[in-house]
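Here is the structure we will look at.
The residues of the chain are indexed from 1 along the displayed sequence. We use all heavy atoms of the structure for the numbers below, so side chains are in, but hydrogens, waters and symmetry mates are not.
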Amino acid sequence: MTLTQAGTRGFRAYTAKHLDELLRRAGYDTEARLRIRAVASVLPFRTNQYVVDELIDWSDIPGDPIYRLVFPQEDMLPESDVSAIAALLRSDAPAAEIQAAANKVRMTLNPHPAGQMELNMPRVGKEPMPGVQHKYPETVLFFPKQGQTCHAYCTYCFRWAQFVGEPDLKMASDDVQGLVRYLREHPQVTSVLITGGDPMIMSAPVLRRYVEPLLALDQLESIRIGTKSLAYWPGRFVTDPDAADVLRLFSTVVESGKNLAFMAHFSHPREMEPELVQTAVRAIRDTGAVIRTQAPLIRTVNDRPEVWERMWRTQHALGMVPYYMFVERDTGPRDYFAVPLARAYEIFRDAYARVSGLCRTVRGPSMSSTPGKVCVDGIAEVAGRRVFVLHLIQARDPSLVGRPFFAEYDPSAVWLDDLRPAFADRFPFETGALDAARPLVTPGGPLGRL
């Protein structure tokens with residue numbers, strides 16, 4: 001099959017087996033292609049014809065931001081690791097040997113950050129609930145089994161471990177009735193986020209099987225769908241054979257009296273330029289769903305204030321609600337993509353200052369860390385010391401939400417773990433108010449390890 005042939009539903013996926021041919025298109029020589037393939041042996045690679053033909057500027061490789069969003073780069077991993085795997089590829093080593101070497105590197109990349117496997121997985125009695133995450137009292141995340149892939153993989157993705165074929169690293173469930181039972185037992189849960197992967201990779205009937213049982217739960221105020229589909233396959237809502245069925249399902253959610261929050265991931269303004277995207281946005285909004293936008297701050301892709309200003313303005317003009325700027329998580333090729341917190345704050349501040357109040361619904365820069373979502377509010381001089389001013393937007397311990405705290409200024413810090421508390425011996429979430437190993441008891445019953 002050639003790269004220009006269409007696949008099922010007009011969707012044509014490109015995976016690692018197509019990577020060498022695509023890299024030839026980018027003009028890389030044999031050795032460069034080999035080393036990039038070595039990186040793709042560790043980190044997952046998947047893109048599609050729409051991204052390749054409509055979004056990437058092939059005259060600007062490797063600098064093109066969309067190319068960098070989906071194609072691995074040689075220097076994403078330590079040189080010694082890349083060279084070792086490249087040598088195995090060069091010598092046509094057995095696939096099992098290459099896989100073992102790749103997995104060894106993966107285990108150094110913190111595949112499950114922020115305690116998501118140990119601390120966030122709820123339990124029924126002593127039994128864990130795979131495919132469910134419950135970090136904050138009012139919100140549950142659900143990972144539908146059929147939605148644990150994407151139309152294209154982002155090179156920065158903090159859930160990259162979902163896609164590398166290692167069962168022990170994957171979160172997924174098809175037990176929607178078990179989810180419903182859990183929610184009934186925990187009436188403090190008011191929001192369910194259906195996530196992945198990408199739930200919009202699923203067909204309308206499969207998506208409906210997961211969504212409709214939730215509509216009978218009076219406790220739920222909102223159902224969220226986390227997706228990159230508007231950027232990577234907008235035809236999902238316009239030209240796909242079941243696009244109308246998907247939109248009818250969205251309308252059904254809204255008509256049931258619940259808020260449908262469509263959590264759209266846009267990492268660069270170019271992803272919103274095609275007319276097809278704008279048509280898809282209108283179609284989703286016409287169902288009554290609210291589209292909220294979010295993305296991480298990524299070095300070499302969107303680490304300039306004018307990029308975020310343009311993103312937020314475009315999103316607002318299209319009727320979407322700017323929601324979050326995230327800090328790149330401490331997983332995968334974080335060292336390659338990370339922006340220092342001081343610079344992240346400056347980019348957010350400068351972009352925020354250039355948009356209208358209607359765009360200032362956005363929050364950030366925010367770290368989705370073990371204790372919760374930590375927002376960098378500013379850099380200030382307090383009592384003669386330069387400090388970061390921070391607060392928890394969301395927290396495992398709700399009593400900590402919204403309370404400001406301080407960290408010593410460090411121009412090289414890229415994550416919460418790099419910071420030292422200022423004016424105190426410990427951060428608020430380290431004082432004993434939060435004991436992650438202790439079950440938290442609520443009126444709805446024990447939550448186990450949130």
* **Pair Asp53 + Arg25, salt bridge at N-O below 4.0 Å** => yes
* **Counterpart residues, side chain to side chain contact (heavy atoms under 4.5 Å, CB included), relative to Val355 (two or more places apart)** => Glu309, Trp312, Arg313, Cys359, Arg360
* With sequence neighbours left out, write down each residue that passes salt bridge (charged side-chain N to carboxylate O under 4.0 Å, His left out) with Arg270, or none if nothing qualifies. => Asp64
* Structure fact -> The complete set of salt bridge (Lys or Arg N to Asp or Glu O under 4.0 Å) pairs with one or both residues in residues 65-83, sequence neighbours excluded, reads Arg35-Glu74, Arg35-Glu79
* Would you call the rings of Tyr156 and Phe337 parallel, tilted or perpendicular, where under 30° means parallel and over 60° means perpendicular? -> perpendicular
* Check whether any side-chain N or O of Gln294 sits under 3.5 Å from a backbone N or O of Arg292 as a donor-acceptor pair, and report yes or no. => no
* Tell me, which pairs form a ring-ring contact (aromatic ring centres under 6.0 Å, His included) where one or both residues lie in residues 77-101, sequence neighbours left out? -> none
* **SB check Asp303 Arg299 (cutoff 4.0 Å)** => no
* Taking only residues two or more places apart in sequence, or in another chain, which ones meet Asp425 in a side chain to side chain contact (heavy atoms under 4.5 Å, CB included)? -> none
* For this output row, return yes or no: ring centroids of His18 and Phe45 closer than 6.0 angstrom. => no
* **Which residues share a side chain to side chain contact (heavy atoms under 4.5 Å, CB included) with Pro305, sequence neighbours left out** => Arg343, Ile347, Asp350, Ala351, Arg354
* Asked: When you measure from the centre of the six-membered ring of Tyr14, is the NZ or CZ of Arg46 under 6.0 Å away and within 45° of the axis?
  -> no
* Please name all residues satisfying side-chain hydrogen bond (donor to acceptor under 3.5 Å, both in side chains) with Thr293, sequence neighbours left out, ordered by chain then number. => Gln315
* Asked: How about Pro144 and Met202: do any of their side-chain heavy atoms sit closer than 4.5 Å?
  -> yes
* To do: List in chain and number order the residues that pass side-chain hydrogen bond (donor to acceptor under 3.5 Å, both in side chains) with Glu273, two or more places apart in sequence or in another chain; answer none if no residue qualifies.
  => Arg310
* Asked: Sequence neighbours excluded, which residues qualify as side chain to side chain contact (heavy atoms under 4.5 Å, CB included) partners of Ala342?
  -> Ile379, Phe388, Tyr409
* Asked: What pairs with Arg24 under salt bridge (charged side-chain N to carboxylate O under 4.0 Å, His left out), at least two apart in sequence or on another chain?
  -> Asp20
* Qualifying residues under salt bridge (charged side-chain N to carboxylate O under 4.0 Å, His left out), relative to Glu97, sequence neighbours excluded -> none
* Asked: Is Trp58 reaching over with its side chain to a backbone N or O of Val52, donor-acceptor style, under 3.5 angstrom?
  -> yes
* Side chain of Thr361, backbone of Val321: donor and acceptor closer than 3.5 Å? -> no
* Structure fact -> The complete set of salt bridge (Lys or Arg N to Asp or Glu O under 4.0 Å) pairs with one or both residues in residues 374-393, sequence neighbours excluded, reads Arg385-Glu408
